[in-house]
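Following: one structure in structure tokens, then a few remarks.
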Amino acid sequence: MMEKDSKIYVAGHKGMVGSAILRELKKQGYENFILMTHSELDLIDQRAVEDFFESERPDYVFLAAAKVGGIIANSEALADFMYDNMMLEMNVIHSAFKTGVKKLEFLGSSCIYPRIAPQPMKESCLLTSELEKTNEAYALAKISGLKYCEFLNRQYGTDYISVMPTNLYGPNDNYHPTHSHVVPALIRKFHEAKVAGAPEVVCWGDGSPLREFMFVDDLAELCVFLMNNYSGNETVNAGTGKEVTIKELSELVAKTVGYEGKIVWDTTKPNGTPRKLLDVSKAEALGWKYHTELEEGLKISYDDFLNNPMRAER
Ligand code: GFB
């Protein structure tokens, strides 16, 4: 169990997931944080990361830093997604190990599971068949991170855990027009179309893929819960257990934003994996359940977009 004054390092605290974990920790009364921005500490720089851990010696680490992006960003920059994520994970996890961090939690993604896996996907389907090609590099990096935690536990008896969230959205998301994930991309597209009075909005693919979306604050609650209540080599899935088609999502975002024009589909853009629904029975058996429904989470996200215009510039 973390003490309220334990020294906690949240890697990636400026991002959507890291900032949500920090909010949750503060809400629960934790107060002793080590926080480094990207310009203060480049996690890809092995020497810098080692020096940082040597001098700061955190008790607990949440590893939420990652190079992330949507389907196009992933598929266009396969090499960068692999290198940046592998390097930063190995640097942080290894330095944590060398300096005796009590517990580390590594955050991954549901894209670690095979493209065509039995649905909903259990933690045990990891590495049972081929990965989805559009995010193969990112998935391989995330699999390496979770396996490195497992291998340290097995070889050296550490207490490092991992959690694999489904598609996330929420405050502090990245609203880049082409490189973001589908929820922030659609919030921006529909908002800009509404303001411009545009007759139609173009969405990618054919609208048929099924996706599960979870509000990031629900994940943050689970992350803190697992740090305090879970130990084990197998990862823990984090999701809602509910899915919608991308077409249904687009209609919901249009409604949230108040856009009444037409939605058209650009089938030259990839659909990605046809379906990726997580089996969340393990997290539920541990005593956690999501609580923000998609409609409500989208309203909060749209407010965040409206109140933080700089986000759209990223
Ligand atoms: O969120 P997204 O980029 O990633 O796309 P994935 C989800 C679905 O939404 C795809 C469609 O079928 C897209 O074709 N889509 C429709 C759009 N319109 C848009 C749009 O304007 N922007 C975007 N981005 N999508 C990612 C992985 O896969 O999931 C990452 O690439 C990561 O590795 C993440 O794991 C959670 O769900 O397909």
Side-chain angles (χ1 to χ4, degrees), residues 2 5-26 30-69 73-74 77-109 112 135 137-153 155-156 158-163 165 172-174 176 179 216 220 223-224 227 310-311 313-314:
M2 295 183 289
D5 63 350
S6 295
K7 208 170 179 184
I8 304 171
Y9 171 42
V10 181
H13 75 285
K14 288 281 189 188
M16 178 175 72
V17 174
S19 60
I21 292 174
L22 189 59
R23 272 200 301 282
E24 180 64 27
L25 286 165
K26 287 181 177 168
Y30 295 96
E31 53 195 25
N32 189 3
F33 301 111
I34 313 170
L35 304 169
M36 302 293 278
T37 62
H38 195 149
S39 56
E40 288 164 341
L41 176 64
D42 180 1
L43 295 176
I44 290 169
D45 180 341
Q46 186 175 20
R47 172 61 59 84
V49 176
E50 282 176 358
D51 290 348
F52 163 75
F53 272 84
E54 268 301 331
S55 62
E56 292 294 342
R57 298 198 159 259
D59 298 313
Y60 295 92
V61 174
F62 289 88
L63 180 39
K67 179 178 177 64
V68 297
N74 260 276
L78 292 167
D80 298 349
F81 270 78
M82 180 160 221
Y83 182 80
D84 288 7
N85 285 303
M86 286 276 217
M87 291 301 285
L88 78 84
E89 288 162 10
M90 291 301 149
N91 288 342
V92 171
I93 301 168
H94 192 65
S95 295
F97 165 61
K98 284 210 307 197
T99 55
V101 164
K102 287 183 188 150
K103 191 162 180 175
L104 176 144
E105 183 172 338
F106 172 70
L107 281 98
S109 158
I112 63 161
N135 54 38
Y138 182 70
L140 284 169
K142 289 295 185 185
I143 292 169
S144 302
L146 84 86
K147 281 288 173 189
Y148 190 48
C149 290
E150 176 192 328
F151 297 154
L152 284 171
N153 291 346
Q155 186 176 348
Y156 295 106
T158 50
D159 185 11
Y160 291 177
I161 60 171
S162 64
V163 55
N172 220 1
D173 213 334
N174 175 356
H176 190 281
H179 288 161
V216 71
C223 289
V224 177
M227 187 66 106
M310 290 307 288
R311 299 268 162 69
E313 304 306 322
R314 279 192 196 162

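Listed for the Lys14 side chain is no donor-acceptor partner under 3.5 Å among the backbone atoms of Met36. Without hydrogens or angle criteria, Glu24 side chain to Ala220 main chain gives no donor-acceptor distance under 3.5 Å. Although no hydrogens or angles enter the test, the distance criterion places a donor-acceptor pair under 3.5 Å between the side chain of Ser19 and the main chain of Met16. Using a distance-only test at 3.5 Å, with no hydrogens or angles considered, no donor-acceptor pair links the side chain of Asp159 to the main chain of Lys102.
With values rounded to the nearest 0.5 angstrom, Asp45 atom CG is found 12.0 Å from Leu88 atom CG. Distance check: Leu43 CG to Asp84 CG gives 10.5 Å after rounding to the nearest 0.5 Å. Residue Ile112 holds its CD1 atom at 7.0 Å from OG of Ser162, rounded to the nearest 0.5 Å. Between atom CZ of residue Phe81 and atom NZ of residue Lys142 there is a gap of 10.5 Å, rounded to the nearest 0.5 Å. Considering CZ of Phe62 and NZ of Lys103, their distance stands at 9.0 Å, rounded to 0.5 Å.
Using a 4.5 Å heavy-atom cutoff, the side chains of Met2 and Asn32 are not in contact. The shortest side-chain heavy-atom distance between Gln46 and Met90 does not fall under the 4.5 Å cut-off.
Between Phe97 and Tyr160, the ring center distance fails the sub-6.0 Å criterion.
Counting non-hydrogen atoms of neighbouring residues, nucleotides and ligands closer than 6.0 angstrom, the OH atom of Tyr83 reaches no more than 12 such neighbours.
Contacts of Tyr148 classified as ring-ring contact (aromatic ring centres under 6.0 Å, His included), with partners at least two apart in sequence or in another chain: none.
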